[in-house]
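So the structure is just underneath, and the comments pick up after that.
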Amino acid sequence: MVLIPALLSDGAMYREVIEQLGGMVEAQVMVLSEPTIQDNVAAVLAKAPPKFIVVGTSYGSSIALEVGLAAPERVTALWLMGCDPAAPEASVQELVAGLETMPGAVIEMLAKLAVPKEATRAAEIFMAMAGRVGSKAGAVQARALRSRAEVTSRLAALRMPALVVWGEADQIVPVSVGRALADGLPHAHFHVLRGCGHLPTLEAPAECSKLFKAFLENDVGYGR
């Protein structure tokens, strides 16, 4: 299982989920900050095992979709959270500029947008991750996100099992986008987590682990 964190995030995004999965899967977290989405895809395919599940959150999920399209014979399943398969909006350029000129303010703004205000622990973890990744790498990630092409028209080509998990309170990518994404994938399950924002594995690791275990057993064939 290859896990790709969100913008400005690292392995802490998935730590509790990995712990709760125990020995079900071998987890490899890849923090990616190559110049373009396709460069990031190439980095994943160079480091990943011959067959793997790819998990992504937000920016990481955009990369995960492209990995699945680039190597469908290697990707056995997808777990997607918080990404928009449509073409990038103009606001991504503003994010790049903000991370380059006012990183502290932008990272604080992202933390407030990413999780509900009562999720203080998740916000603190996000801020700590952003500090470790750094605004320079974050700006590169945002620039790569700007480089991506729309994927909506190609979703039908992703015929592997897919789990799509969304936060009901996601302020960055609304639930309607997640539902449309799941509808466009031939073999997807869609789950909405109540009270959850943009970072499900960080905010609701127990619920995410339960959903992913069931997906592994029922759709991917693990444990059979």
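- Distance check: S62 OG to Q141 CD gives 11.5 Å after rounding to the nearest 0.5 Å.
- For the side-chain hydrogen bond (donor to acceptor under 3.5 Å, both in side chains) test, no residue two or more places apart in sequence or in another chain qualifies with S147.
- Centroid-to-centroid, the aromatic rings of F212 and W79 come within less than 6.0 Å.
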- Taking it one step at a time, do L78 and L163 satisfy side chain to side chain contact (heavy atoms under 4.5 Å, CB included)? CA-CA 6 Å; L78 292 166; L163 175 66; over 6 Å; no
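- Applying the salt bridge (Lys or Arg N to Asp or Glu O under 4.0 Å) test to residues at least two apart or on different chains, none of the pairs has a partner in residues 186-213.
- Using a 4.5 Å heavy-atom cutoff, the side chains of H189 and V164 are not in contact.
- Residues V2 and V55 form no side-chain contact, since every pair of their non-hydrogen atoms from C-beta on lies 4.5 Å or further apart.
- When the side chains of ILVMFWY residues are joined at heavy-atom separations under 4.5 Å, either directly or via intervening members, V96 and I63 end up in two distinct hydrophobic clusters.
- Of all non-hydrogen atoms in P186 and A156, the two that sit nearest each other are CG-O, 3.4 Å.
- Residues I53 and L216 have side chains in contact (heavy-atom distance under 4.5 Å, counting atoms from C-beta outward).
- Listed by chain and residue number, P5, A6, M13, F126, M129 satisfy the side chain to side chain contact (heavy atoms under 4.5 Å, CB included) test with S9 (two or more places apart in sequence, or in another chain).
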T57 and L199: side chain to side chain contact (heavy atoms under 4.5 Å, CB included), yes or no, with the steps?
CA-CA 7 Å; T57 303; L199 308 174; 3.9 Å; yes
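- Every pair passing side-chain hydrogen bond (donor to acceptor under 3.5 Å, both in side chains) that includes a residue from residues 112-124 is listed here, sequence neighbours excluded: E16-R121.
- Residues G11 and V31 come closest through the heavy atom pair N-CG2, 4.4 Å.
- How far CD1 of I4 is from OG of S58: 12.0 Å, rounded to the nearest 0.5 Å.
- In terms of the side-chain hydrogen bond (donor to acceptor under 3.5 Å, both in side chains) criterion, D183 has no residue partners (sequence neighbours excluded).
- Minimum interatomic distance between L185 and A162 (heavy atoms only, all atoms of both residues): CD1-CB, 4.0 Å.
- V17 and P205 make their closest contact through CG2-O, 3.8 Å (heavy atoms, listed as atom of the first residue, atom of the second, distance).
- Counting only distance, with no hydrogens or angles, the side chain of Y59 and the backbone of L8 share no donor-acceptor pair below 3.5 Å.
- Within the 3.5 Å criterion, the main-chain N or O of A86 finds a donor-acceptor partner in the side chain of R148.
- Closest heavy-atom contact between L69 and A157: CD2-CB, 4.0 Å.
- Every residue two or more places apart in sequence or in another chain was checked for a side-chain hydrogen bond (donor to acceptor under 3.5 Å, both in side chains) with D84, and none qualifies.
- Remark: the backbone N or O of A97 is not paired with any side-chain donor or acceptor of E94 at under 3.5 angstrom.
- When the side chains of ILVMFWY residues are joined at heavy-atom separations under 4.5 Å, either directly or via intervening members, L95 and V115 end up in a single hydrophobic cluster.
- Summarising the geometry, atom CD belonging to Q28 is positioned 9.0 Å from atom CG belonging to L3; distances are rounded to the nearest 0.5 Å.
- The salt bridge (Lys or Arg N to Asp or Glu O under 4.0 Å) search around E66 returns R154, not counting sequence neighbours.
- Partners of Y14 by ring-ring contact (aromatic ring centres under 6.0 Å, His included), not counting sequence neighbours: none found.
- By the salt bridge (Lys or Arg N to Asp or Glu O under 4.0 Å) test, E26 pairs with no residue at all, sequence neighbours left out.
- At a threshold of 4.5 Å between non-hydrogen side-chain atoms, the residues L211 and L193 count as touching.
- Atoms CE and SG, on M81 and C196 in that order, are 9.5 Å from each other to the nearest 0.5 Å.
- Put simply, M102 and V140 are part of two different groups of oily side chains (I, L, V, M, F, W, Y) that touch within less than 4.5 Å, one to the next.
- A distance of 5.5 Å separates CZ of F52 from CG of L45, quoted to the nearest 0.5 Å.
- With sequence neighbours excluded, no residue forms a side chain to side chain contact (heavy atoms under 4.5 Å, CB included) with A180.
- Looking at heavy atoms from C-beta onward, L65 lies in side-chain contact with L155 at the 4.5 angstrom threshold.
- Here the side chain of R74 pairs no donor or acceptor atom with the backbone of G68 at under 3.5 angstrom.
- Expressed to the nearest 0.5 Å, how far CG of L110 lies from CD1 of I172 amounts to 6.0 Å.
- T36 meets the side-chain hydrogen bond (donor to acceptor under 3.5 Å, both in side chains) test with D39; sequence neighbours excluded.
- Judged as a side-chain hydrogen bond (donor to acceptor under 3.5 Å, both in side chains), the pairs with a partner in residues 166-181 (not counting sequence neighbours) are, in order, D170-H198.
- Side chains of H187 and D219: a donor-acceptor N/O pair is absent below 3.5 angstrom, by distance only.
- Minimum interatomic distance between V173 and C83 (heavy atoms only, all atoms of both residues): CG1-O, 3.8 Å.
- Transitive grouping of hydrophobic side chains (ILVMFWY, heavy atoms separated by less than 4.5 Å) brings I18 and I125 into a common cluster.
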